[in-house]
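Just so it is clear, the structure is predicted and the values come from calculations on it, not from any experiment. All values below come from the heavy atoms of this structure, side chains included, with hydrogens, waters and symmetry mates left out.
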Amino acid sequence: MSNICDNLGAYIFAKDMQGKYTYANDKVEVLFGCSKSDIIGKGDSEFFDLSMSQQMVENDIKVLSGQQQVVSEESNFVRNTSEQRVYRIIKSPLFDNENQIIGLAGIAHDVTEEKRLREQVEEQKQLLSIILDNVEAHVYMKDEDRRFLYVNSKVADLFGLDSKEIIGQKEQDILSEETAEHFHLSDSKVVLDQQVLRVEETVIDNEQKYHYLSVKVPVTMAGKRSLIGFSTDVTEIYKLKEEFKRLANTDDLTGIYNRRYFLKEAEKAYSIFKRQNMEVSLLTFDVDYFKKINDRYGHPVGDEVLQNLTAIVACLLRKEDIFARIGGEEFAILLPCTDITSANRVAERVRREVESSLFCGIQKIQLTVSIGLTEFSSKDTSFDDVFSRVDKALYKAKESGRNCVTFLN
């Protein structure tokens, strides 16, 4: 039995009711730095600093007075090594043949390094948690079954749930079906391809559109494929980009498209026309005698006239039509999928609506416009040919007495 106790890899000992050692195995000898004969009959004060080993004293009392087994961790200061060590101990009462308690038996494992590593891991875990909860990103982890394994506080706040309510749940049980499927498209690609994916994701929630820039990284946990996602809310940046784009494409005064955007879209339409032979028409119009309005009423009134004019004309057009201010009082309308006959009807509606309207509130200014019209032709070598032709048509309308529509093929 002694040989067994000496080779168990644990500290094994026994004490009597006065706390004096009645047995110690070889590991206890090494720990105390003395032989068994020097240990037997001695109390703990010979080998430990009891002022720094209170857990040991308290556990012994529990066993001897309460006649109960104690399983615990003890932090003890060993005199021989002059260091604090931590032990995972089991102490049990010993009884004689008459079932009277006569002492205790103990087995202890030195877990000092294990505890240090546990504390270090816990500290790192807490530090990582603090970092992940305070980064400007939604951080989460899902397995290949779409089950959440981790979420940081930003994800929890976004879902309106405690993180404990999210972990272990599948995304389709928490998110709307449409949103869950939207995210799963890129998630499944990461898991299947086992490659890092960077993707822009858009989610609509309560009619609000949110944009996320996400990085998704494949990982394997316990043999199961998973992913870690980092999603940054870029909604405000996206809105700014859209606003800058809108401003770059929009005429400041009228709010319709500007010349730069119009020419870019017209070039696109010409390319499609060449490939697909799609019918496209183009009209331009000028406000007749606009200089007289500026001279008589002043430029602020002239600006208001142009604003009212664009509002009236815009109501006559389709969503796909491109309406732009391309000069001071000159405008252009690109009409996709429209032949010259249909375009002429549009032009006449514009001319009549402008002629029958009064502009600029109390001034009651009446306007007319001259309109040039053409359609894209297979003979055109570029959009410049189309633009040059419609410009000639507009000039011809002015020469013909203004307030009319003239077209050239």
Side-chain angles (χ1 to χ4, degrees), residues 1-131 133 150 162-164 167-168 221-222:
M1 181 61 72
S2 180
N3 286 336
I4 294 174
C5 291
D6 287 338
N7 289 281
L8 283 177
Y11 301 92
I12 301 175
F13 55 89
K15 299 178 186 178
D16 62 18
M17 295 297 290
Q18 285 72 47
K20 299 186 184 299
Y21 286 91
T22 57
Y23 172 78
N25 71 347
D26 288 351
K27 282 189 68 70
V28 177
E29 274 190 317
V30 175
L31 179 65
F32 290 170
C34 56
S35 65
K36 288 185 178 69
S37 60
D38 292 325
I39 297 172
I40 305 304
K42 303 286 181 60
D44 286 321
S45 60
E46 297 286 334
F47 311 108
F48 298 98
D49 183 340
L50 297 185
S51 65
M52 301 175 67
S53 307
Q54 281 300 304
Q55 288 174 300
M56 178 178 62
V57 176
E58 291 171 1
N59 286 333
D60 284 3
I61 293 172
K62 284 181 182 178
V63 175
L64 295 173
S65 63
Q67 299 185 23
Q68 58 181 336
Q69 185 183 74
V70 172
V71 180
S72 179
E73 278 190 1
E74 290 181 353
S75 181
N76 301 327
F77 188 88
V78 184
R79 292 189 186 277
N80 177 52
T81 59
S82 298
E83 61 179 344
Q84 195 91 11
R85 306 297 294 180
V86 181
Y87 301 93
R88 185 179 295 117
I89 61 94
I90 300 175
K91 293 180 177 179
S92 303
L94 291 175
F95 299 95
D96 61 16
N97 293 334
E98 297 179 356
N99 206 31
Q100 296 294 311
I101 187 168
I102 57 173
L104 63 83
I107 180 169
H109 294 271
D110 191 330
V111 294
T112 306
E113 289 306 308
E114 179 186 329
K115 184 172 183 180
R116 183 185 66 80
L117 289 174
R118 285 204 315 267
E119 290 175 346
Q120 185 177 351
V121 168
E122 186 60 30
E123 287 175 1
Q124 291 175 344
K125 183 179 176 182
Q126 290 178 2
L127 179 61
L128 181 61
S129 181
I130 291 171
I131 293 171
D133 282 342
Y150 168 80
D162 189 274
S163 59
K164 294 178 182 177
I167 294 172
M221 299 284 289

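Put simply, the side chain of Phe13 reaches to within 4.5 Å of the side chain of Leu104, judged on heavy atoms. When side chains are defined from C-beta on, Gln67 counts as touching Phe95, because their heavy atoms get closer than 4.5 Å. Taking 4.5 Å as the limit, every side-chain heavy atom of His109 sits out of range of all side-chain heavy atoms of Glu114. The closest side-chain heavy-atom distance from Asp26 to Lys36 is below 4.5 Å. Between Tyr23 and Ile12, some side-chain heavy-atom pair lies under the 4.5 Å cut-off. The shortest distance between side-chain heavy atoms of Gln84 and Thr112 does not fall below 4.5 Å.
Separating the CD atom in Gln54 from the OG atom in Ser75 is a distance of 11.5 Å, to the nearest 0.5 Å. From Ile39, atom CD1 reaches atom OG1 of Thr22 across 11.5 Å, with rounding to the nearest 0.5 Å. Atom-to-atom distance recorded for Asn59:CG and Tyr87:OH is 14.0 Å, nearest 0.5 angstrom. How far CG of Asp60 is from CD of Gln55: 12.0 Å, rounded to the nearest 0.5 Å.
Under the salt bridge (Lys or Arg N to Asp or Glu O under 4.0 Å) criterion, the residue pairs touching residues 61-76 are Glu73-Lys115, Glu73-Arg118, Glu74-Lys91, with sequence neighbours excluded. Residue pairs satisfying the salt bridge (Lys or Arg N to Asp or Glu O under 4.0 Å) criterion with at least one member in residues 39-58, sequence neighbours excluded, are listed as follows: Lys15-Asp44.
Remark: the backbone N or O of Phe77 is paired with a side-chain donor or acceptor of Ser53 at under 3.5 angstrom. In terms of modelled atom types and a separation under 3.5 Å, the side chain of Glu29 and the main chain of Asn25 share no donor-acceptor contact. Formation of a donor-acceptor pair under 3.5 Å by the Ser92 side chain with backbone atoms of Gln69 is not found in this model.
When the shell of 6.0 Å around CE of Met17 is examined, it contains more than 12 heavy atoms from other residues, nucleotides or ligands.
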| What do the steps show when you test Phe47 against Asn80 for side chain to side chain contact (heavy atoms under 4.5 Å, CB included), and what is the final call? | CA-CA 7 Å; Phe47 311 108; Asn80 177 52; over 6 Å; no
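Shown here for Ile89 and Ala108, the closest heavy-atom pair between the two residues is CG2-CB, 3.4 Å. Taking all atoms of both residues into account, the shortest heavy-atom contact from Leu64 to Asp16 is CD1-O, 4.2 Å. Smallest separation of non-hydrogen atoms from Ile40 and Ala24: CD1-N, 4.1 Å.
Between Arg116 and Glu119, none of the side-chain N atoms (NZ, or NE/NH1/NH2) sits under 4.0 Å from a carboxylate O, so this pair counts as no salt bridge.
Ring planes of Phe48 and Phe32: perpendicular class, angle over 60° (limits at 30 and 60°).
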